K.L.:
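Here it is: the structure, laid out below.
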Amino acid sequence: MTMKNSSSDSVTVNSLGKLPDEQRQHVLSYLTCHDLMSLTLVSKAVKSAALRSHTLTNIDTGTNASTGKVSAMLRRTIINRQNLDPISSHPRQRRWTVDSSMSPRNLPLSQDLITEQKLINLLERFQFLRVLKLCNLHPTAEAFIPIVNSCPAAASLAHIEFHDVRLIQNSSSLQLPNQNHNLKYVALSGTIFSSYESVLKSFVSSKSLQTLRLDGCRSLTDAHVDDMDRIWSGRPSSTLMHLSLENASKLQTPSIKSTSIKMLDMSKCPALRDLSNIICPNLIEINLCHCPLVNDESIQSLLLACPMIENLILNTCNSLTALRITSRQMKNIDLNLCMKLTSVNINCEILEKLELGFCTKLENLRLDSGLKSLDLSMLPLKDLFLRGLALSELNLSGCTGLKNDSIYMICPNLRTIDISGSNLGSTFEKEYLQRCKKINVLKGGSAHDWMPF
């Protein structure tokens, strides 16, 4: 590599070409594909070093269900195989084949169904592998983990995703050369019958783990989650921040006690009922959608143990009836499709978003928040109390159950209110709306013109 001095015409030669091949490839592995392509313009020697470097940051293989073939995505990769083919101006001709050198941009490849030998040959081509994503590798379902364990780049793996790979109960465990300590991101899905002791436990033992997604692991039980919690709590400093146990059908009363977890996803767990053992003081977001047995008491205990929650997702939780939420940190609450919810009492000073769509039995709402806009249209409300200094837009259209004496609002900055299709008439306008200046009232039709739930 050459560089001209600004004060003279002398030329300084970089010693990159004098480094051993292994060290040179390690240095070049930190460069992006765009930088490597630019590096090839410096000199012939540097060009040769750049093109011979097997730099890889992402391998992504997935199965196309319509064609029955496996597509592979190699990102930021340069392989010195053949000369670059001329790129046609026609969009259909602007593609790269498997045997050609790779484009500096994302490169989609179409291959035949991957076998064990093809997967071995593919992984052996790379010395440094940051991200590995395998999808739908059914022919290699029982052998792909040993292949990953023994590949040359196994020690450098930091991000692993295995989706729909049919891990059977007695499959091999993940045993990387560095005892999995470099893994920061692990995502498994479709591993329905995998044994925790022989398979799944090897994926959650990394000391550097930051994100763990076990989606659809239906063999996962409360005892397994307790064991994972003991592994994380036994470390002086846990790094786990995002935990997903989506669609774990056997979870009922899991115990999760962590000060590092900030995002927790336990959606679609049909047997989940007790959240009293979830103690995460720094938890920011929790997703409990489609958990039909989660009730009001469970949410109360959760909010007491996790006071920092900002995003609460409870849509389609049909055991909620009378919900009370008091929080100084809450910003978003999703209660859509809670069909049995009849009463809601929310006191959240900095609340930014509240969703109550299709709550077909909601009759009482008491809200004290910092919302700027609120949509309560078509809800069967009979009693409404609103207090919001920032509230400027309110939609009460189609609320046929509200009457003049059943609504009380303290909203001095209200600018637009829609009372179309409700029973709120002239009396409501005189008693409250005339107190507010510059307010725009939208009204049209009567309650008889609207069809309630």
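Atoms considered below: every heavy atom in the structure, side chains included; atoms not considered: hydrogens, waters and symmetry mates. Since the structure is predicted, the reported quantities are computational estimates derived from the model, not experimental observations.
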K.L.:
Can you sort out the partners of A223 under side chain to side chain contact (heavy atoms under 4.5 Å, CB included), two or more places apart, ordered by chain and number?
P.N.:
T221
K.L.:
Please state whether the rings of F385 and Y408 are parallel, tilted or perpendicular, taking 30° and 60° as the class boundaries.
P.N.:
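F385 vs Y408 ring planes: parallel.
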K.L.:
Can you see whether S260 engages S258 through a side-chain donor-acceptor pair at a distance of less than 3.5 angstrom?
P.N.:
yes
K.L.:
Check whether any side-chain heavy atom of M263 lies under 4.5 Å from a side-chain heavy atom of I286, and answer yes or no.
P.N.:
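Side-chain contact under 4.5 Å: no.
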K.L.:
List the atom pairs, with distances to 0.1 Å, where a side-chain N or O of residues 338-353 and a protein N or O form a donor-acceptor pair under 3.5 Å, not counting sequence neighbours.
P.N.:
unit_1: T342; atom_1: OG1; unit_2: T321; atom_2: O; d: 3.1
unit_1: K353; atom_1: NZ; unit_2: E355; atom_2: OE2; d: 3.2

K.L.:
List, one per line, each side-chain donor-acceptor pair under 3.5 Å for residues 324-332, sequence neighbours excluded.
P.N.:
unit_1: S327; atom_1: OG; unit_2: Q329; atom_2: N; d: 3.1
unit_1: S327; atom_1: OG; unit_2: M330; atom_2: N; d: 3.2
unit_1: N332; atom_1: ND2; unit_2: N311; atom_2: OD1; d: 2.7

K.L.:
Counting distance only, does the side-chain N/O of N336 pair as donor-acceptor with the main-chain N or O of N315 below 3.5 Å?
P.N.:
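Here the side-chain-to-backbone pair does not exist.
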K.L.:
Holding to side chain to side chain contact (heavy atoms under 4.5 Å, CB included), I want the full list of residues that pass it with S150, two or more places apart in sequence or in another chain.
P.N.:
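For S150, no residue satisfies side chain to side chain contact (heavy atoms under 4.5 Å, CB included) once neighbours in sequence are set aside.
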K.L.:
Does any pair with a residue in residues 250-279 pass salt bridge (Lys or Arg N to Asp or Glu O under 4.0 Å), and if so which ones, sequence neighbours excluded?
P.N.:
E246-K268
K.L.:
Hey, are S244 and D215 close enough side-chain-wise for a donor-acceptor pair under 3.5 Å?
P.N.:
yes
K.L.:
Listed by chain and number, what are the side chain to side chain contact (heavy atoms under 4.5 Å, CB included) partners of A305, not counting sequence neighbours?
P.N.:
I279
K.L.:
In the structure I gave you, are the side-chain heavy atoms of L188 and F203 within less than 4.5 Å of one another anywhere?
P.N.:
yes
